[in-house]
Student: 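I have a structure here, written as C-alpha coordinates, and I will follow up with some questions on it.
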Amino acid sequence: MADNALFQFLLRMGDNTLVLGHRVSEWCGKAPVLEEDIALANTALDLIGQTQMWLGYAAELQGEAKTADDLAYLRDVWDFRNLLMLERPNLDFGHTMMRQYLFDAYHHLLLGKLAGSSDPRVAEIAAKSVKEAAYHLDRSGETVVALGDGTAESHRRMQDALDLLWPFAGEMFLADDVDDAMAAAGIAPELAALKAEWESSVRATLRDASLTVPDDDFAHKGGKTGRQHTEHLGHMLAQMQFLQRAYPGASW
Amino acid sequence: MARPDTATVWGWLDQVPDPEIPVISVVDLGIIRDVAWDDDTLEVAITPTYSGCPATSMINMDVETALRDHGVEKIRLRQQISPPWTTDWLSAKGRAKLEEYGIAPPNAAGGPEHCPQCGSKDVEKVSQFGSTPCKAHWRCLSCLEPFDYFKCI
Ligand SMILES: [Zn+2]
(Lines give C-alpha, C1' and ligand atoms only; values in the text may rest on other atoms or scores of the structure.)
Protein backbone atom coordinates (compact mmCIF):
# COMPACT_ATOMS: atom_id res chain seq x y z
CA MET A 1 0.00 0.00 0.00
CA ALA A 2 2.78 2.43 0.90
CA ASP A 3 4.40 1.87 -2.49
CA ASN A 4 1.10 2.15 -4.26
CA ALA A 5 0.40 5.47 -2.53
CA LEU A 6 3.79 6.79 -3.68
CA PHE A 7 3.03 5.59 -7.21
CA GLN A 8 -0.32 7.40 -7.16
CA PHE A 9 1.33 10.53 -5.80
CA LEU A 10 3.95 10.49 -8.58
CA LEU A 11 1.21 10.07 -11.19
CA ARG A 12 -0.56 13.11 -9.77
CA MET A 13 2.59 15.20 -9.99
CA GLY A 14 3.48 13.98 -13.47
CA ASP A 15 -0.04 14.06 -14.89
CA ASN A 16 -0.52 17.64 -13.70
CA THR A 17 2.59 18.79 -15.54
CA LEU A 18 1.86 16.60 -18.58
CA VAL A 19 -1.74 17.71 -19.08
CA LEU A 20 -1.04 21.38 -18.40
CA GLY A 21 2.11 21.21 -20.53
CA HIS A 22 0.10 19.81 -23.43
CA ARG A 23 -2.64 22.42 -23.05
CA VAL A 24 -0.13 25.26 -22.94
CA SER A 25 1.68 23.86 -25.98
CA GLU A 26 -1.58 24.17 -27.94
CA TRP A 27 -0.86 27.92 -28.08
CA CYS A 28 2.34 27.36 -30.02
CA GLY A 29 2.15 29.35 -33.25
CA LYS A 30 -1.09 31.17 -32.41
CA ALA A 31 -0.61 33.18 -29.20
CA PRO A 32 -1.68 36.87 -29.25
CA VAL A 33 1.87 38.19 -29.78
CA LEU A 34 5.21 36.61 -30.61
CA GLU A 35 6.71 37.11 -27.13
CA GLU A 36 3.75 35.39 -25.49
CA ASP A 37 3.93 32.58 -28.00
CA ILE A 38 7.58 31.96 -27.09
CA ALA A 39 6.91 32.29 -23.37
CA LEU A 40 4.05 29.78 -23.51
CA ALA A 41 6.09 27.31 -25.55
CA ASN A 42 8.97 27.59 -23.07
CA THR A 43 6.64 27.08 -20.13
CA ALA A 44 5.19 23.99 -21.82
CA LEU A 45 8.70 22.68 -22.39
CA ASP A 46 9.61 23.03 -18.70
CA LEU A 47 6.40 21.24 -17.71
CA ILE A 48 7.01 18.36 -20.12
CA GLY A 49 10.59 18.09 -18.83
CA GLN A 50 9.29 17.84 -15.28
CA THR A 51 6.81 15.21 -16.45
CA GLN A 52 9.68 13.03 -17.67
CA MET A 53 11.19 13.08 -14.19
CA TRP A 54 7.95 12.37 -12.27
CA LEU A 55 6.58 9.74 -14.64
CA GLY A 56 10.08 8.29 -15.06
CA TYR A 57 10.22 7.63 -11.32
CA ALA A 58 6.64 6.30 -11.33
CA ALA A 59 7.50 3.91 -14.17
CA GLU A 60 10.53 2.62 -12.25
CA LEU A 61 8.35 1.86 -9.24
CA GLN A 62 5.89 0.11 -11.51
CA GLY A 63 8.68 -2.15 -12.78
CA GLU A 64 7.87 -4.37 -15.78
CA ALA A 65 10.40 -2.34 -17.82
CA LYS A 66 7.86 0.49 -18.14
CA THR A 67 8.96 4.01 -19.10
CA ALA A 68 7.59 7.54 -18.73
CA ASP A 69 6.44 7.30 -22.36
CA ASP A 70 4.32 4.22 -21.62
CA LEU A 71 2.56 6.13 -18.85
CA ALA A 72 2.08 9.25 -20.95
CA TYR A 73 0.94 7.65 -24.18
CA LEU A 74 -0.69 4.35 -23.30
CA ARG A 75 -2.99 5.07 -20.39
CA ASP A 76 -6.63 5.93 -20.88
CA VAL A 77 -8.66 8.73 -19.33
CA TRP A 78 -9.59 6.88 -16.12
CA ASP A 79 -5.94 6.20 -15.31
CA PHE A 80 -4.97 9.87 -15.36
CA ARG A 81 -4.55 11.63 -12.02
CA ASN A 82 -4.35 15.31 -12.98
CA LEU A 83 -6.47 18.10 -11.51
CA LEU A 84 -9.64 18.83 -13.48
CA MET A 85 -8.66 22.48 -13.83
CA LEU A 86 -5.65 21.57 -15.96
CA GLU A 87 -7.52 19.54 -18.57
CA ARG A 88 -9.95 22.37 -19.32
CA PRO A 89 -9.67 23.79 -22.83
CA ASN A 90 -7.60 26.95 -23.09
CA LEU A 91 -10.50 29.23 -24.10
CA ASP A 92 -8.99 32.72 -24.41
CA PHE A 93 -5.54 33.95 -23.40
CA GLY A 94 -6.93 35.40 -20.15
CA HIS A 95 -8.40 32.07 -19.10
CA THR A 96 -5.12 30.33 -19.98
CA MET A 97 -3.11 32.74 -17.84
CA MET A 98 -5.54 32.67 -14.91
CA ARG A 99 -5.40 28.86 -14.87
CA GLN A 100 -1.60 29.05 -15.10
CA TYR A 101 -1.43 31.49 -12.21
CA LEU A 102 -3.73 29.54 -9.88
CA PHE A 103 -1.71 26.40 -10.60
CA ASP A 104 1.74 28.05 -10.49
CA ALA A 105 1.02 29.54 -7.06
CA TYR A 106 0.15 26.04 -5.79
CA HIS A 107 2.87 24.23 -7.72
CA HIS A 108 5.66 26.56 -6.58
CA LEU A 109 4.59 26.29 -2.96
CA LEU A 110 4.24 22.49 -3.14
CA LEU A 111 7.57 21.95 -4.90
CA GLY A 112 9.32 24.13 -2.32
CA LYS A 113 8.08 21.79 0.43
CA LEU A 114 8.76 18.66 -1.61
CA ALA A 115 12.40 19.73 -1.96
CA GLY A 116 12.67 18.69 1.71
CA SER A 117 10.88 15.36 1.16
CA SER A 118 11.94 12.24 3.07
CA ASP A 119 12.13 10.48 -0.31
CA PRO A 120 15.44 11.56 -1.88
CA ARG A 121 14.23 11.10 -5.47
CA VAL A 122 11.14 13.24 -4.84
CA ALA A 123 13.36 15.84 -3.16
CA GLU A 124 15.77 16.12 -6.07
CA ILE A 125 13.06 16.28 -8.74
CA ALA A 126 11.30 19.00 -6.74
CA ALA A 127 14.53 20.95 -6.18
CA LYS A 128 15.11 20.96 -9.93
CA SER A 129 11.50 21.87 -10.79
CA VAL A 130 10.95 24.58 -8.20
CA LYS A 131 13.38 26.95 -9.93
CA GLU A 132 11.39 26.69 -13.13
CA ALA A 133 8.09 27.03 -11.26
CA ALA A 134 9.33 30.24 -9.61
CA TYR A 135 9.93 31.70 -13.05
CA HIS A 136 6.49 30.62 -14.28
CA LEU A 137 4.83 32.12 -11.23
CA ASP A 138 6.60 35.45 -11.70
CA ARG A 139 5.29 35.72 -15.20
CA SER A 140 1.75 34.41 -14.70
CA GLY A 141 1.31 36.58 -11.58
CA GLU A 142 2.46 39.71 -13.42
CA THR A 143 0.22 38.91 -16.37
CA VAL A 144 -2.86 38.36 -14.19
CA VAL A 145 -2.29 41.74 -12.53
CA ALA A 146 -1.59 43.51 -15.83
CA LEU A 147 -4.71 42.13 -17.50
CA GLY A 148 -7.00 42.26 -14.45
CA ASP A 149 -6.01 45.84 -13.79
CA GLY A 150 -5.83 46.69 -17.51
CA THR A 151 -8.58 47.79 -19.88
CA ALA A 152 -12.31 47.28 -19.29
CA GLU A 153 -12.22 44.43 -21.80
CA SER A 154 -9.19 42.66 -20.29
CA HIS A 155 -10.64 43.12 -16.78
CA ARG A 156 -13.94 41.58 -17.82
CA ARG A 157 -12.22 38.59 -19.40
CA MET A 158 -10.02 37.99 -16.33
CA GLN A 159 -13.01 38.23 -13.97
CA ASP A 160 -14.91 35.74 -16.16
CA ALA A 161 -11.89 33.43 -16.10
CA LEU A 162 -11.62 33.66 -12.32
CA ASP A 163 -15.35 32.97 -11.88
CA LEU A 164 -15.06 29.92 -14.12
CA LEU A 165 -11.85 28.56 -12.58
CA TRP A 166 -12.31 29.25 -8.88
CA PRO A 167 -14.62 26.23 -8.36
CA PHE A 168 -11.85 24.06 -9.84
CA ALA A 169 -9.08 25.40 -7.59
CA GLY A 170 -10.34 23.68 -4.44
CA GLU A 171 -9.42 20.22 -5.77
CA MET A 172 -5.72 21.04 -5.27
CA PHE A 173 -6.25 20.92 -1.50
CA LEU A 174 -8.71 18.05 -1.12
CA ALA A 175 -6.72 15.42 0.75
CA ASP A 176 -7.51 11.71 0.46
CA ASP A 177 -5.83 8.46 1.58
CA VAL A 178 -2.92 8.96 -0.80
CA ASP A 179 -2.20 12.46 0.52
CA ASP A 180 -2.55 11.29 4.12
CA ALA A 181 -0.11 8.42 3.52
CA MET A 182 2.39 10.77 1.84
CA ALA A 183 2.15 13.28 4.69
CA ALA A 184 2.52 10.56 7.34
CA ALA A 185 5.67 9.27 5.61
CA GLY A 186 7.12 12.79 5.38
CA ILE A 187 7.16 12.50 1.59
CA ALA A 188 4.74 15.36 0.92
CA PRO A 189 3.30 18.21 3.02
CA GLU A 190 -0.16 18.39 4.59
CA LEU A 191 -2.42 19.94 1.97
CA ALA A 192 -4.50 21.81 4.54
CA ALA A 193 -1.43 23.77 5.69
CA LEU A 194 -0.55 24.51 2.08
CA LYS A 195 -4.00 25.90 1.40
CA ALA A 196 -3.73 28.74 3.91
CA GLU A 197 -0.45 29.90 2.39
CA TRP A 198 -1.79 29.61 -1.14
CA GLU A 199 -4.93 31.54 -0.34
CA SER A 200 -3.17 34.45 1.28
CA SER A 201 -0.76 34.97 -1.63
CA VAL A 202 -3.39 34.36 -4.33
CA ARG A 203 -5.93 36.69 -2.71
CA ALA A 204 -3.29 39.44 -2.47
CA THR A 205 -2.42 39.10 -6.16
CA LEU A 206 -6.07 39.03 -7.21
CA ARG A 207 -6.65 42.17 -5.15
CA ASP A 208 -3.77 43.86 -7.00
CA ALA A 209 -5.43 42.71 -10.20
CA SER A 210 -8.68 44.41 -8.99
CA LEU A 211 -10.51 41.12 -9.35
CA THR A 212 -13.21 39.79 -7.03
CA VAL A 213 -12.81 36.28 -5.61
CA PRO A 214 -16.11 34.35 -5.74
CA ASP A 215 -17.69 33.70 -2.33
CA ASP A 216 -18.67 30.12 -3.01
CA ASP A 217 -16.15 27.51 -1.87
CA PHE A 218 -17.70 24.67 -3.87
CA ALA A 219 -14.98 22.49 -5.45
CA HIS A 220 -15.34 20.20 -8.45
CA LYS A 221 -13.45 16.98 -7.84
CA GLY A 222 -12.61 13.64 -9.41
CA GLY A 223 -9.47 14.44 -11.41
CA LYS A 224 -6.68 13.62 -8.98
CA THR A 225 -8.45 10.45 -7.83
CA GLY A 226 -9.32 9.54 -11.43
CA ARG A 227 -12.93 8.99 -10.39
CA GLN A 228 -14.48 11.38 -12.88
CA HIS A 229 -12.60 13.45 -15.43
CA THR A 230 -14.35 16.03 -17.58
CA GLU A 231 -15.23 15.23 -21.19
CA HIS A 232 -12.28 17.37 -22.28
CA LEU A 233 -9.49 15.00 -21.25
CA GLY A 234 -10.47 12.25 -23.70
CA HIS A 235 -10.38 14.69 -26.60
CA MET A 236 -6.99 15.92 -25.51
CA LEU A 237 -5.58 12.40 -25.20
CA ALA A 238 -6.99 11.45 -28.60
CA GLN A 239 -4.71 14.09 -30.08
CA MET A 240 -1.73 13.67 -27.75
CA GLN A 241 -1.62 9.87 -27.95
CA PHE A 242 -2.61 9.41 -31.59
CA LEU A 243 0.83 8.57 -32.92
CA GLN A 244 1.66 5.91 -30.32
CA ARG A 245 -1.80 4.39 -30.62
CA ALA A 246 -1.73 4.28 -34.41
CA TYR A 247 1.90 3.20 -34.72
CA PRO A 248 2.80 1.36 -31.48
CA GLY A 249 6.46 1.67 -30.56
CA ALA A 250 7.17 4.36 -33.15
CA SER A 251 10.20 6.46 -32.24
CA TRP A 252 12.02 9.44 -33.75
CA MET B 1 44.87 2.74 -25.21
CA ALA B 2 46.39 4.06 -21.99
CA ARG B 3 43.86 5.58 -19.61
CA PRO B 4 44.16 9.37 -19.99
CA ASP B 5 43.96 11.25 -16.70
CA THR B 6 40.72 13.07 -15.93
CA ALA B 7 42.31 16.53 -16.41
CA THR B 8 43.01 15.55 -20.02
CA VAL B 9 39.40 14.41 -20.42
CA TRP B 10 38.13 17.72 -19.00
CA GLY B 11 40.29 19.45 -21.60
CA TRP B 12 38.69 17.41 -24.39
CA LEU B 13 35.19 18.15 -23.13
CA ASP B 14 36.06 21.84 -23.05
CA GLN B 15 36.32 21.55 -26.84
CA VAL B 16 32.72 20.28 -27.18
CA PRO B 17 30.50 23.24 -28.08
CA ASP B 18 27.06 23.77 -26.58
CA PRO B 19 24.70 22.99 -29.50
CA GLU B 20 22.54 26.09 -28.92
CA ILE B 21 25.30 28.58 -28.09
CA PRO B 22 28.32 27.15 -29.92
CA VAL B 23 30.75 29.84 -28.72
CA ILE B 24 30.84 28.26 -25.26
CA SER B 25 31.69 24.67 -24.39
CA VAL B 26 29.66 22.21 -22.36
CA VAL B 27 32.29 22.67 -19.63
CA ASP B 28 31.84 26.48 -19.71
CA LEU B 29 28.11 25.92 -19.32
CA GLY B 30 28.74 24.02 -16.08
CA ILE B 31 26.72 20.96 -17.05
CA ILE B 32 29.59 18.46 -16.81
CA ARG B 33 29.48 17.59 -13.12
CA ASP B 34 32.01 14.80 -12.88
CA VAL B 35 34.51 12.79 -14.89
CA ALA B 36 35.84 9.58 -13.33
CA TRP B 37 37.23 6.20 -14.29
CA ASP B 38 35.39 3.14 -13.08
CA ASP B 39 37.93 0.45 -13.93
CA ASP B 40 38.22 0.72 -17.73
CA THR B 41 34.96 2.66 -18.17
CA LEU B 42 34.93 6.45 -18.30
CA GLU B 43 31.91 7.80 -16.47
CA VAL B 44 30.73 11.35 -17.16
CA ALA B 45 27.98 12.94 -15.07
CA ILE B 46 25.90 15.51 -16.96
CA THR B 47 23.17 17.73 -15.55
CA PRO B 48 20.42 19.33 -17.67
CA THR B 49 20.11 23.13 -17.71
CA TYR B 50 16.30 23.19 -17.83
CA SER B 51 14.41 19.95 -17.25
CA GLY B 52 12.80 20.12 -20.69
CA CYS B 53 15.85 21.41 -22.56
CA PRO B 54 15.63 19.81 -26.02
CA ALA B 55 19.42 20.03 -26.44
CA THR B 56 20.05 17.44 -23.71
CA SER B 57 20.12 14.38 -25.96
CA MET B 58 22.20 16.25 -28.54
CA ILE B 59 24.73 17.17 -25.82
CA ASN B 60 24.96 13.54 -24.70
CA MET B 61 25.62 12.47 -28.27
CA ASP B 62 28.26 15.17 -28.81
CA VAL B 63 30.07 14.27 -25.58
CA GLU B 64 30.10 10.60 -26.47
CA THR B 65 31.32 11.28 -30.00
CA ALA B 66 34.14 13.52 -28.76
CA LEU B 67 35.34 10.90 -26.29
CA ARG B 68 35.24 8.17 -28.94
CA ASP B 69 37.22 10.40 -31.31
CA HIS B 70 39.90 10.60 -28.61
CA GLY B 71 40.00 6.82 -28.44
CA VAL B 72 37.92 6.14 -25.33
CA GLU B 73 36.10 2.89 -25.87
CA LYS B 74 33.98 2.32 -22.79
CA ILE B 75 31.85 5.32 -21.88
CA ARG B 76 28.98 5.66 -19.45
CA LEU B 77 26.96 8.88 -19.33
CA ARG B 78 25.04 9.46 -16.14
CA GLN B 79 22.27 12.02 -15.81
CA GLN B 80 22.52 13.82 -12.51
CA ILE B 81 19.81 16.30 -11.48
CA SER B 82 20.97 17.05 -7.95
CA PRO B 83 22.12 19.61 -7.03
CA PRO B 84 20.14 21.44 -9.72
CA TRP B 85 22.06 23.36 -12.35
CA THR B 86 22.63 27.04 -11.63
CA THR B 87 24.08 29.81 -13.77
CA ASP B 88 26.66 30.28 -10.99
CA TRP B 89 28.41 27.33 -12.64
CA LEU B 90 29.09 29.23 -15.87
CA SER B 91 32.85 29.65 -16.19
CA ALA B 92 34.45 33.12 -16.29
CA LYS B 93 35.70 32.26 -19.77
CA GLY B 94 32.16 31.26 -20.76
CA ARG B 95 30.69 34.53 -19.47
CA ALA B 96 33.23 36.57 -21.43
CA LYS B 97 32.52 34.58 -24.58
CA LEU B 98 28.77 34.98 -24.23
CA GLU B 99 29.15 38.75 -24.03
CA GLU B 100 31.48 38.83 -27.01
CA TYR B 101 28.89 36.82 -28.94
CA GLY B 102 26.13 39.34 -28.10
CA ILE B 103 24.41 37.53 -25.22
CA ALA B 104 24.38 39.35 -21.89
CA PRO B 105 25.66 36.97 -19.17
CA PRO B 106 23.48 36.19 -16.13
CA ASN B 107 23.47 38.71 -13.35
CA ALA B 108 22.26 38.22 -9.77
CA ALA B 109 20.30 41.49 -9.98
CA GLY B 110 17.90 39.69 -12.34
CA GLY B 111 18.71 41.57 -15.54
CA PRO B 112 21.69 42.34 -17.76
CA GLU B 113 24.34 44.67 -16.40
CA HIS B 114 24.60 46.44 -19.75
CA CYS B 115 23.96 46.09 -23.48
CA PRO B 116 26.38 43.50 -24.92
CA GLN B 117 26.65 45.55 -28.14
CA CYS B 118 27.37 49.08 -26.95
CA GLY B 119 27.76 48.79 -23.18
CA SER B 120 24.88 51.16 -22.35
CA LYS B 121 23.11 50.57 -19.04
CA ASP B 122 19.87 51.91 -20.51
CA VAL B 123 18.19 48.57 -21.25
CA GLU B 124 14.67 47.16 -20.87
CA LYS B 125 13.05 43.75 -20.77
CA VAL B 126 10.96 42.72 -23.76
CA SER B 127 10.04 39.26 -22.52
CA GLN B 128 11.02 36.92 -19.70
CA PHE B 129 11.54 34.22 -22.31
CA GLY B 130 13.68 34.08 -25.43
CA SER B 131 14.88 31.86 -28.24
CA THR B 132 15.86 28.99 -25.92
CA PRO B 133 14.77 28.02 -22.39
CA CYS B 134 17.92 29.55 -20.88
CA LYS B 135 17.48 33.03 -22.35
CA ALA B 136 15.25 36.10 -21.99
CA HIS B 137 14.65 38.86 -24.54
CA TRP B 138 15.86 42.42 -23.84
CA ARG B 139 16.57 45.56 -25.84
CA CYS B 140 18.96 48.48 -25.59
CA LEU B 141 17.47 51.97 -25.53
CA SER B 142 20.77 53.58 -26.60
CA CYS B 143 21.77 51.60 -29.68
CA LEU B 144 18.20 50.27 -30.12
CA GLU B 145 19.41 46.72 -30.74
CA PRO B 146 17.53 43.77 -29.27
CA PHE B 147 19.64 41.17 -27.48
CA ASP B 148 19.43 37.89 -25.58
CA TYR B 149 20.04 37.80 -21.86
CA PHE B 150 21.15 34.53 -20.27
CA LYS B 151 18.59 34.04 -17.46
CA CYS B 152 19.98 33.81 -13.95
CA ILE B 153 18.76 30.71 -12.12
ZN1 LIG C 1 23.26 49.02 -26.92
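The sequence lines fix the lettering, A, B, ..., with proteins before strands; numbering per chain opens at 1. Keep in mind that the numbers below use all heavy atoms, side chains included, and drop hydrogens, waters and symmetry copies.
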Student: What are the two closest non-hydrogen atoms of K131(A) and I153(B), and how far apart are they?
Tutor: NZ-C, 3.7 Å
Student: Kindly give the heavy-atom pair with the smallest separation between A127(A) and P84(B), and that separation in Å.
Tutor: O-CG, 3.7 Å
Student: Under the side-chain contact (heavy atoms from CB on, under 4.5 Å) rule, collect the residues that match up with R78(B), sequence neighbours excluded.
Tutor: D34(B), E43(B), A45(B), Q80(B)
Student: Just checking K93(B): does its NZ atom have more than 12 heavy atoms from other residues, nucleotides or ligands closer to it than 6.0 angstrom?
Tutor: yes
Student: Sort I48(A) into side chain, backbone, both or neither according to what part of it lies under 4.5 angstrom from a heavy atom of chain B.
Tutor: neither
Student: Atom CD of E35(A) and atom OG of S127(B): how far apart are they, to the nearest 0.5 Å?
Tutor: 6.0 Å
Student: Under the 3.5 angstrom rule, does the side chain of Y50(B) hit a backbone N or O of G49(A) as a donor-acceptor pair?
Tutor: no
Student: Give, for atom NZ of K151(B) and atom CG of N42(A), the distance between the pair rounded to the nearest 0.5 Å.
Tutor: 5.5 Å
Student: Work out which heavy atom in P54(B) is nearest to a heavy atom in L45(A); give both atom names and the distance.
Tutor: CD-CD2, 3.7 Å
Student: So which part of T132(B) gets closer than 4.5 Å to some heavy atom of chain A, the side chain, the backbone, both or neither?
Tutor: backbone
Student: At what distance, to the nearest 0.5 angstrom, does CD of Q79(B) lie from CE of M53(A)?
Tutor: 8.0 Å
Student: Select one option (side chain, backbone, both, neither) describing which atoms of P83(B) are under 4.5 Å from chain A's heavy atoms.
Tutor: neither
Student: What residue, out of Q50(A), E36(A), E142(A), has the most heavy-atom pairs lying under 4.5 Å from chain B?
Tutor: Q50(A)
Student: Of all heavy-atom pairs between S51(B) and K128(A), which one has the smallest distance, and what is that distance?
Tutor: N-CE, 4.1 Å
Student: Give, for atom CD of Q128(B) and atom OG1 of T143(A), the distance between the pair rounded to the nearest 0.5 Å.
Tutor: 7.5 Å
Student: Name the region of I125(A), side chain, backbone, both or neither, that has any atom closer than 4.5 Å to a heavy atom of chain B.
Tutor: both
Student: Can you say whether T49(B) sits under 4.5 Å from chain A via the side chain, the backbone, both, or neither, judging by heavy atoms?
Tutor: backbone
